[in-house]
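Take a look at the structure below.
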Amino acid sequence: MPLSSLRSVPFWARSDRCVTRDSGNGANKQGEVYQRIIQEVIDTSVIDFEEAGVNASTLEELKQVWQQKLSDLHVAHFPWDPTPPEVTVPPPQPPPAPTSPAKTQPQQPGIKQESNIQNSAGPAGQNAGGIRIKPEPGLEPQGIYASPAPGNPTHNPALAEQRARQNIAQKLNNPLQVRPSGGGGGLMLPGLASNPSQHSQQRPQNGQTNGIPQHDGADENDDDSVQMEGYRSISREEADRVLLRRIGAAERESAKATEELANALRGLKTTSSSSSSSKSFKKRRRPKRQDAYEAALDGTNSYPYPSTITSSSSAHATPRIPQLDGESEDEVADEDAINSDLDDPEEDEIDNEDEDEVPQIMLCMYDKVQRTKNKWKCVLKDGVLTINTKEYVFHKANGEYEW
Amino acid sequence: MNNQTYYELYRRSSIGMALTDALDDLISEGRIAPQLAMKILSNFDRSITEVLADRVKANLTFKGHLDTYRFCDEVWTFLIKDVTFKFQQQGQNQSVLADKVKIVSCNSKRPGEQ
């Protein structure tokens, strides 16, 4: 029975209405065939949906989604698609002129606004995010810090505070009491987040200030006055003295806490405490630092200031600035690891499906396949052929090819 | 309904892939059970086989160079290069060229039908 005689064929899908060759032969016809297949599947699946206790609306949705997905492949034109394929002259496109000004005009101020915001957000964010120290209760006096002198982080009192904290951290050797700037997120260096262009300049300086605490005065490019909370503007020496006083106070406080902890630990470990206490007293004179447990046990430890060299050996470990500018170098992929390129399966062209959504494939049945020497002849039937992103259905196909 | 089995071959066609995708969506949304989806797919196997056999009358011939062939489990697989298809239907002729096509073909005499 010819397709055009089917009652369900929409008038525009009949082949006698086909104007162009391209859309005429395969495309419409198989769109109709596909619609029929879909309808049959949906009809026969009604009972299965009922048996499974699934709402019939889900079946209807399945049909819609199925048709939509098929249309998205653009392998043919389908009866459910909105535009009929016979239209040889495409309908005149609505001129874009009236719509475009309406679209672009509200956009332009929006873009301008955005750029304005970005421009103003740059310095503002620098100032606001520049020095925000999370106060450490018991260790640091709270206060609002003055804005840093722009561009030079060594002027920043926050950095001085940070240095003092690192000092304490190294002396107390207790990461719990002093939070390293990287891990706790308490300290933000000015311009580090908001001004990426300064990264390269600041990075070595940060490394310096974090690695080795500077005890011997100001940086070379420092001038002599410093800004500090509680003080308008004081000389470098004064600032150092103030800082040392604070460090001392903080140390006394934490030493007290450590003593309490040591007492508690002594109760737990009475036998070893006396010997290790004398041992650690000796150890303390060595340049190597005590480990935290021994330091805690050592009640007599008064935490004298370590020499710069001693602390610098451990200083690199304690404060770490999180890497913001890309992937960490620690995470370089191992090229020989499993799932690397070496694991690629061998390419087998007959098994190798194309990456495209629509491969070049013919799915069919064979009636006969014959070979004489290198000449092949085959008779195929009831097939679906997808070629050059177009799809065809056929009843019978004769193929001849040589190997 | 009969007990005849149908090839699952056509599930790889675009219409079969679209159905599989749609069913996958419903399963992943938890709206149907996978068993129901399998049943729908077997309905599809039957419907497409019957519709192709009953409704389609188009003939075509093709020529090309056979690159690879394989016959395994009653399934012929050909990879043909530089292939020309000629469609004949209702007095119209149309040629389509392709640099390659893969043919997967099952025995038209179904198992047990011999």
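Lettering of chains follows the sequences in order, A, B, ..., and the numbering in each one begins at 1.
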Highest number of heavy-atom pairs under 4.5 Å with chain A: which of B:I103, B:D25, B:D99, B:L97? B:I103
Any heavy-atom pair between the side chains of B:M17 and A:K69 that's under 4.5 Å? no
dist B:S13:OG -> A:L73:CG (nearest 0.5 Å) comes out at 10.0 Å
Is atom NZ of B:K86 surrounded by more than 12 heavy atoms (other residues, nucleotides or ligands) closer than 6.0 Å? no
For side-chain contact (heavy atoms from CB on, under 4.5 Å), just list the numbers for B:W76 and A:L380, CA-CA rounded to whole Å, side-chain angles, deciding distance to a tenth of an Å, and then say yes or no. CA-CA 11 Å; B:W76 274 107; A:L380 311 172; over 6 Å; no
Value for CD (A:Q39) from OG (B:S47), rounded to nearest 0.5 Å, stands at 10.0 Å
Looking only at heavy atoms, which two atoms of A:V33 and B:V56 are closest? And how far apart? CG2-CG2, 3.8 Å
Test log, rule side-chain hydrogen bond (donor to acceptor under 3.5 Å, both in side chains), inputs A:N398 and B:T61: CA-CA 5 Å; A:N398 290 293; B:T61 59; over 6 Å; no
Quick one: what part of B:A53 sits under 4.5 Å from any heavy atom of chain A, side chain, backbone, both or neither? both
Tell me, do A:M362 and B:F85 make a side-chain contact under 4.5 Å, heavy atoms counted? yes
Around atom NZ of B:K63, are there more than 12 heavy atoms of other residues, nucleotides or ligands at under 6.0 Å? no
Which one, A:C378, A:S45, A:G53, leads in non-hydrogen pairs under 4.5 Å with chain B? A:S45
Proximal component of A:L62, with respect to chain B [non-hydrogen, under 4.5 Å]: both
Before you tell me yes or no, could you show the steps for A:T44 and B:F44 under side-chain contact (heavy atoms from CB on, under 4.5 Å), namely the whole-Å CA-CA distance, both residues' side-chain angles and the distance that decides it to 0.1 Å? CA-CA 9 Å; A:T44 52; B:F44 168 77; over 6 Å; no
Under 4.5 Å from a heavy atom of chain B, the part of A:L59 involved: neither
Does any backbone or side-chain atom of B:L9 lie under 4.5 Å from a heavy atom of chain A? Answer side chain, backbone, both or neither. both
I'd like to know whether A:F49 forms a side-chain contact (heavy atoms from CB on, under 4.5 Å) with B:K39, so could you lay out the CA-CA distance, the side-chain angles of the two residues, the decisive distance to 0.1 Å, and finally the verdict. CA-CA 10 Å; A:F49 267 67; B:K39 191 74 183 57; over 6 Å; no
Output for pair (B:L79 CG, A:Q360 CD), nearest 0.5 Å, gives 10.5 Å
Check whether B:L60 gets within reach of chain A through its side chain, its backbone, both or neither, counting any heavy atom under 4.5 Å. both
Separation between CD of A:E400 and CD1 of B:I80, rounded to the nearest 0.5 Å: 11.0 Å
Heavy-atom distances under 4.5 Å only: say whether A:E61 touches chain B with side chain, backbone, both or neither. side chain
Tell me, for B:V101 versus chain A, whether the close heavy atoms (under 4.5 Å) come from the side chain, the backbone, both or neither. both
Out of curiosity, B:R12 CZ to A:I361 CD1, how far, rounded to the nearest 0.5 Å? 4.0 Å
Salt-bridged, B:R55 to A:E32, with N to O below 4.0 Å? no
Quick one: which of A:Y401, A:F394, A:Y366, A:W66 has the most heavy-atom pairs under 4.5 Å with chain B, could you say? A:Y366
Let's go through B:R31 and A:V54 carefully: what are the C-alpha distance in whole Å and the side-chain angles of both, what is the deciding distance for side-chain contact (heavy atoms from CB on, under 4.5 Å) to 0.1 Å, and is it a yes or a no? CA-CA 8 Å; B:R31 299 174 62 186; A:V54 178; over 6 Å; no
Distance check, rounded to the nearest 0.5 Å: A:D48 atom CG versus B:M38 atom CE? 12.5 Å
For a quick test of reading the model, state the closest non-hydrogen atom pair linking A:L70 to B:A18 and the distance between them. N-CB, 3.8 Å
Is A:W376 in contact with chain B via its backbone, its side chain, both, or neither, using a 4.5 Å heavy-atom distance? side chain
Measure A:N388 against the heavy atoms of chain B and call it side chain, backbone, both or neither at under 4.5 Å. side chain
Answer yes or no: is there a side-chain heavy-atom contact under 4.5 Å between B:K102 and A:P359? no
Counting heavy-atom pairs under 4.5 Å to chain A, which of B:L52, B:L19, B:V51 comes out on top? B:L19
Quick one: does A:E402's side chain get under 4.5 Å of B:L66's, heavy atoms only? no
Side chains of A:M365 and B:Y7, heavy atoms from C-beta outward: is any pair under 4.5 Å? yes
Choice from A:V384, A:N55, A:I38, A:N374 maximising heavy atom contacts with chain B below 4.5 Å: A:V384
